[in-house]
Amino acid sequence: MTLIDFLTLLSDVTLVIAVLGLLFVGGGFLALIGINVFERLTGRKLGRPLRHLILTDGDLPHVLVQIPVFNEPETVVGALRSAAALDWPRDRLHIQLLDDSSDETSVVATRVIGELHDRGFDVLHLRRGDRSGYKAGALAAGLLHSNAPYVAVLDVDFRPPANWLRKVMPALIADPKASFIQSRCEFANASANWLTRAQGLMLDAHYVLEQATRYRAGWLFQFNGTAGVWRRAAIAAAGGWSSDSLCEDLDLTVRAEIAGWHGLFSMDPPVPGLVPDQVKHWRVQQRRWSNGFVQVARKLMKQIWTSDWSVRRKFSASFLILVQAFYPCAAIATGALLASIMLRAGDPTAYLPIINVIAALIAIVAIGMTLTPYMVLRRGSVSRYVATLASLTPLMIFVSLSNAPSILKTVFGAADTLTRTPKSVSIPVAPTDPIRRF
């Protein structure tokens, strides 16, 4: 065997392994699309609708609203005021600003908190001596200062509608084994530029199709780190917030499921927030999420596969946790394919079947995951949809190539630090109208 033959074989093997990884990730999405097609053809939704108890004001429990913040003076005022505007008995609404800031954010927040105190709101401004544990550490520290049985978590750039707790709390209270209820998120700046439109398309698919379908099918789905309410007993049963991964939300979700709890998902009312409006900021966010998913996989995959869950449930959980494998697999497959073609004197003929399969998979998943949410939410014209969809492939290739080295380092145990994602600050009033059903 010559050196060229050896390198060609090595490149081909690498390509096959990377493609198998892409097929695993793509297969999970195909299953979700298939479930939705089944539901539409039969007119029958899987699972049971959320139960909603009829509660009087006297029945409503104490709820703690936690808002973690780090150096975000432009959004902290709106976050505090929107939390105070929630329609919930004032004597049972407790707000915590978990402030790890090192800039003027704390000064700005102190002024607003003083105003809220004067109006009779219970608001705690919690300042720690350091940022140990980052967001997870802040959330855990806040729990030490409250005994409320339900804990709502809102990132500082999210603005819940006033009726949010009134809408989601009855379902959580009605199901004693529900660990949390996750609301669908909207993104107020989704139409700002081509990048935010692309993110809006992907995140609509995530919430309307992926999260909602996982919930209806009884699969594991994640708490998204914001716009959700946790039952405090479930947090305790899972072992509390942990800072040993950059995806503390996914980590707690999986541990709670292993402990025998399950999540709920609510389509309405949506809670609006923000997406990054610059590529460099979006890239940082994607890298953090990808590395965090890898850390959770390293930590919990063994527990999942040694649990008493069904094989179907174990596979669905694995698909969720390993979904970020798309990025390194896409990067490796791209590099290996180009190398193999060059080693074959630039002739791509031998690789056309692989190229065609991957192209078909990408097209089916991209359209199947995004078209229904785009139509359901009435996001715009067909031409806008096609233009936004066309931007996804180069965007995903870019972030795959740029973030793959960091992800692979995390696979082999390298640590990473949390980097906040900068975002613009314009956040319109939250919508309250329910979405059109499909």
Side-chain angles (χ1 to χ4, degrees), residues 12-42 46-47 201-222 247 250 253-254 257 265 286 289-290 293-294 296-298 300-302 304-305 307 309-337 351-373 389 392-393 395-397 399-400 403-404 407-408 411:
D12 287 350
V13 170
T14 302
L15 175 61
V16 169
I17 294 173
V19 168
L20 289 175
L22 291 175
L23 291 175
F24 172 77
V25 175
F29 286 118
L30 290 176
L32 293 173
I33 294 168
I35 290 172
N36 274 267
V37 171
F38 169 80
E39 290 179 329
R40 289 174 64 83
L41 291 177
T42 62
L46 300 179
L201 193 67
M202 291 188 291
L203 290 167
D204 282 344
H206 172 67
Y207 286 102
V208 176
L209 203 145
E210 183 180 0
Q211 289 283 73
T213 303
R214 282 180 166 277
Y215 166 62
R216 294 196 303 271
W219 293 10
L220 176 69
F221 73 96
Q222 71 178 105
C247 281
L250 176 65
T253 299
V254 177
E257 292 272 341
F265 183 78
Q286 294 299 308
W289 289 352
S290 296
F293 270 63
V294 171
V296 172
R298 287 170 55 88
L300 297 176
M301 194 62 74
K302 180 179 179 180
I304 288 172
W305 281 93
S307 70
W309 292 358
S310 67
V311 173
R312 180 182 65 87
R313 186 165 177 78
K314 290 175 181 179
F315 268 108
S316 72
S318 299
F319 162 56
L320 171 64
I321 296 174
L322 296 176
V323 69
Q324 296 288 334
F326 167 83
Y327 292 119
C329 286
I332 292 171
T334 301
L337 177 61
Y351 303 99
L352 290 179
I354 290 179
I355 294 173
N356 291 335
V357 168
I358 295 302
L361 178 66
I362 291 173
I364 293 171
V365 169
I367 297 173
M369 291 293 295
T370 61
L371 182 57
T372 294
L389 184 67
L392 293 186
T393 298
L395 193 61
M396 300 303 281
I397 291 175
V399 79
S400 297
N403 285 349
I407 297 170
L408 291 174
V411 169

> In Å and rounded to the nearest 0.5 Å, what is the CG to CG distance from L209 to N36?
Replying inline: 4.0 Å
> Do you know the tightest heavy-atom contact between L22 and A330?
Replying inline: CD2-N, 3.8 Å
>> Between R216 and F265, is there a side-chain heavy-atom distance shorter than 4.5 Å?
In response: no
> Counting only heavy atoms not in Y351, do more than 12 fall under 6.0 Å of its OH?
Replying inline: yes
>> To the closest 0.5 Å, what do you measure between CE (M369) and CG (L30)?
In response: 10.0 Å
> Checking side-chain contact (heavy atoms from CB on, under 4.5 Å) for the pair W289/L250: CA distance, chi angles, key distance, verdict?
Replying inline: CA-CA 10 Å; W289 289 352; L250 176 65; over 6 Å; no
> What heavy-atom pair brings Q222 and T253 nearest, and what distance separates the two atoms?
Replying inline: CA-CG2, 3.8 Å
>> Could you measure the distance from the CG atom of D12 to the CD1 atom of I17? Nearest 0.5 Å is fine.
In response: 11.0 Å
> If you round to the nearest 0.5 Å, how far is CD1 of I364 from CD1 of I367?
Replying inline: 8.5 Å
>> In the structure I gave you, are the side-chain heavy atoms of V208 and T372 within less than 4.5 Å of one another anywhere?
In response: no
> Which atoms form the tightest heavy-atom contact between A331 and S400, and what is the distance?
Replying inline: CB-O, 3.5 Å
> Would you say the side-chain atoms of E210 pair up with the backbone N or O of A205, donor to acceptor, closer than 3.5 Å?
Replying inline: no
> Which value, rounded to the nearest 0.5 Å, describes the distance between L15 atom CG and L20 atom CG?
Replying inline: 9.5 Å
> Can you check whether V254 reaches E257 side chain to side chain, under 4.5 Å on heavy atoms?
Replying inline: no
Show me the donor-acceptor pairs within less than 3.5 Å that the side chains of residues 317-327 make with the rest of the protein, sequence neighbours left out.
residue	atom	partner	partner atom	Å
S318	OG	W305	NE1	2.8
S318	OG	K314	O	2.8
Q324	OE1	S290	OG	2.7
Y327	OH	Q286	OE1	2.9

>> In the structure I gave you, are the side-chain heavy atoms of F29 and V25 within less than 4.5 Å of one another anywhere?
In response: yes
> Is the backbone N or O of L32 less than 3.5 Å from a side-chain atom of R214, with the two atoms forming a donor-acceptor pair by type?
Replying inline: no
>> Using 0.5 Å steps for rounding, measure from the CG atom of L201 to the CG atom of L371.
In response: 9.0 Å
>> Measuring only between side-chain heavy atoms, which start at C-beta, is T213 closer than 4.5 Å to F221?
In response: no
